[in-house]
Amino acid sequence: MQPRAGRAAPPVGTAVVVQGWVRTVRHSKGGFSFVAVHDGSCFAPLQAVVGSELPGYDDVQRLTTGCAVRVSGALVASEGQGQALELKATAVEVVGWVENPDTYPMQPKRHSLEFLRDNAHLRARTNLIGAVTRVRNCLAQATHRFFHDRGFFWVHTPLITTSDCEGGGEMFRVSTLDLANLPRTPSGAVDFGQDFFGQEAHLTVSGQLNVETYCMALSKVYTFGPTFRAENSNTRRHLAEFWMIEPEVAFADLMSNAQLAADYIQAIFRAVLDERGDDLAFFAQHVEKDAARRLEALVGARFEMMTYTEAVRRLEAAPVSFEYPVSWGIDLQSEHERYLSEQVVGGPVIVTDYPKDIKAFYMRMNEDGKTVAAMDILAPGIGELVGGSQREERLDRLDARMAEMGLDPAPYWWYRDLRRYGTVPHAGFGLGFERAVMYATGCENIREVIPFPRTPRQAKF
RNA sequence: UCGGGAUUAGCUCAGUCGGUUAGAGCGGGUGACUGUUAAUCACUAGGUCGGGGGUUCAAGUCCCUCAUCCCGAGCCA
């Protein structure tokens with residue numbers, strides 16, 4: 001219906017058919033009505049001017065917010081303020097009425113975010129969720145474009161996994177066993193041998209280990225799909241089901257990995273600035289006035305690099321008192337990460353070489369024997385945006401780390417095999433997709449940036 | 001999971017020290033008016049005050065309890 005972002009508006013006189021949902025209706029006794037029709041293609045609705053002489057005008061007078069309509073006509077220069085073009089209707093058809101206008105939830109007014117979540121099946125019709133959805137799509141398309149242009153292959157790693165050892169986090173069980181009548185082994189334990197997969201199975205918490213296998217063949221790969229955490233996290237930053245992007249590059253070290261991550265972040269946010277100016281204007285006005293400015297700054301910024309050891313030194317020297325005291329060896333808290341990027345650097349910063357004890361077993365051991373080749377990208381206003389590392393490609397070192405952390409190597413046999421057969425240095429990172437959408441839109445609650453949020457006690461839609 | 005806050009009309013909220021018939025704005029309906037912009041004006045309908053229990057002559061208001069939501073923390077992306 002609308003001129004798409006980045007394209008010129010069709011000229012006056014163009015014949016168009018608009019199909020969409022009514023946002024607002026205003027009737028004039030001058031013999032016509034204004035019907036704002038929205039089809040989701042861009043932020044703005046299109047104002048249709050419907051004359052009383054048209055067949056079905058009595059229906060138009062009964063229209064309310066939410067009705068579905070089809071309006072035919074021609075684009076004309078608007079006689080009113082507020083829009084350059086409008087649709088001079090030649091035919092109007094009500095495709096779907098709102099059954100009970102008195103209780104239709106989506107009124108032309110500001111609703112609370114909690115109310116919108118309770119009406120997730122209708123909230124896509126609002127300015128906010130519509131704009132978020134277009135920005136989310138823009139970030140997703142830009143992600144695929146970025147990696148495709150650089151010769152990466154998108155690998156569909158499994159959602160169901162039988163390695164109950166993928167790393168941190170509670171996992172959701174996948175089972176077809178009858179919960180009311182569980183099969184038992186002689187020792188009394190649940191007999192998962194009789195379950196669907198013949199063993200315990202869960203939803204994945206990360207595609208990284210799987211995608212490394214394809215990295216060792218296709219060289220440059222990435223995952224982009226849902227992941228699941230059964231943690232009882234009740235915060236505005238956590239979901240039980242969320243999407244992650246995890247690139248993995250063979251013959252790569254930590255520095256090239258950091259460069260890739262920085263390029264990637266700038267590419268996807270540049271796409272939002274280029275393609276979704278209409279939606280960004282809305283966020284600036286109604287959600288977070290600095291959101292677009294923050295994106296501009298990040299896209300134009302040079303990413304500074306700093307080792308963890310240097311970061312701790314700077315934090316210890318900081319003339320502020322943190323809630324959590326700083327010393328070498330601690331995991332950086334959100335307050336520390338934000339101080340580093342906002343106060344110390346004044347822009348995005350890549351912190352590298354973390355103590356081994358606060359990082360995962362698969363990260364590559366440095367020569368000092370105390371730190372690993374990890375890197376986090378910290379950005380102003382959000383903290384950690386990306387976490388990644390060079391992976392441990394040396395089997396003896398990997399085994400030593402697993403032993404040190406008390407991990408049973410047996411279930412990791414196929415992951416270890418990658419180190420036995422043609423192992424190469426490789427590196428990758430992970431980015432929580434919803435965190436990126438939050439950053440781009442300024443939304444403070446992650447439940448607004450995914451269509452159907454899954455959180456503890458909430459999966460009803 | 002822990003700590004704090006909240007739950008009153010379709011929505012957003014007010015409701016004093018416990019005291020007569022629980023209010024407003026928006027939305028809906030009716031009418032007036034207008035190239036209008038979440039229009040404006042008038043009239044009108046709309047309530048088991050989250051559930052349960054208790055204190056009291058009297059509870060939306062005080063106490064206990066349960067549920068749900070929000071914010072913060074932990075976990076983490």
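In what follows, every heavy atom counts, from backbone to side chain, and hydrogens, waters and symmetry copies are set aside. Letters A, B, ... are given to chains in the order of the sequence lines, protein chains preceding strands, and every chain is numbered from 1.
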>> Please check this pair: side chain of A/Gln266 against backbone of A/Leu298, looking for a donor-acceptor N/O pair closer than 3.5 Å.
In response: yes

> Is there a donor-acceptor pair closer than 3.5 Å between any side-chain N or O of A/His27 and the backbone N or O of A/Gly31?
Replying inline: no

> For A/His27 and A/Ser112, take the nucleotide of RNA chain B holding the closest heavy atom to each; which residue's nucleotide lies nearer the 5' end?
Replying inline: A/Ser112

> Do NZ/NE/NH1/NH2 and the carboxylate oxygens of A/Arg229 and A/Glu170 come within less than 4.0 Å?
Replying inline: no

Give a yes/no on whether any side-chain N or O of [X] is located under 4.0 angstrom from OP1 or OP2 of [N].
{"X": "A/Arg117", "N": "B/rC70", "value": "yes"}
{"X": "A/Thr24", "N": "B/rA39", "value": "yes"}
{"X": "A/Asn445", "N": "B/rC71", "value": "yes"}
{"X": "A/Arg23", "N": "B/rU37", "value": "no"}
{"X": "A/Ser233", "N": "B/rC76", "value": "no"}
{"X": "A/Arg110", "N": "B/rC11", "value": "no"}
{"X": "A/Gln333", "N": "B/rG74", "value": "yes"}
{"X": "A/Arg457", "N": "B/rC69", "value": "yes"}
{"X": "A/Tyr324", "N": "B/rG74", "value": "yes"}

Rounded to the nearest Å, what distance is computed from the [atom1] atom of residue [X] to the [atom2] atom of nucleotide [N]?
{"X": "A/Gln61", "N": "B/rA32", "atom1": "CD", "atom2": "P", "value": "11 Å"}
{"X": "A/Arg26", "N": "B/rC33", "atom1": "CZ", "atom2": "P", "value": "19 Å"}
{"X": "A/Phe34", "N": "B/rU37", "atom1": "CZ", "atom2": "C1'", "value": "9 Å"}
{"X": "A/Arg237", "N": "B/rC70", "atom1": "CZ", "atom2": "P", "value": "14 Å"}

> How would you label the contact of A/His238 with the nucleic acid (heavy atoms, under 4.0 Å): base, sugar-phosphate, or nothing?
Replying inline: base

> Should the pair A/His336 and A/Phe322 be assigned to parallel (<30°), tilted (30 to 60°) or perpendicular (>60°) ring geometry?
Replying inline: perpendicular

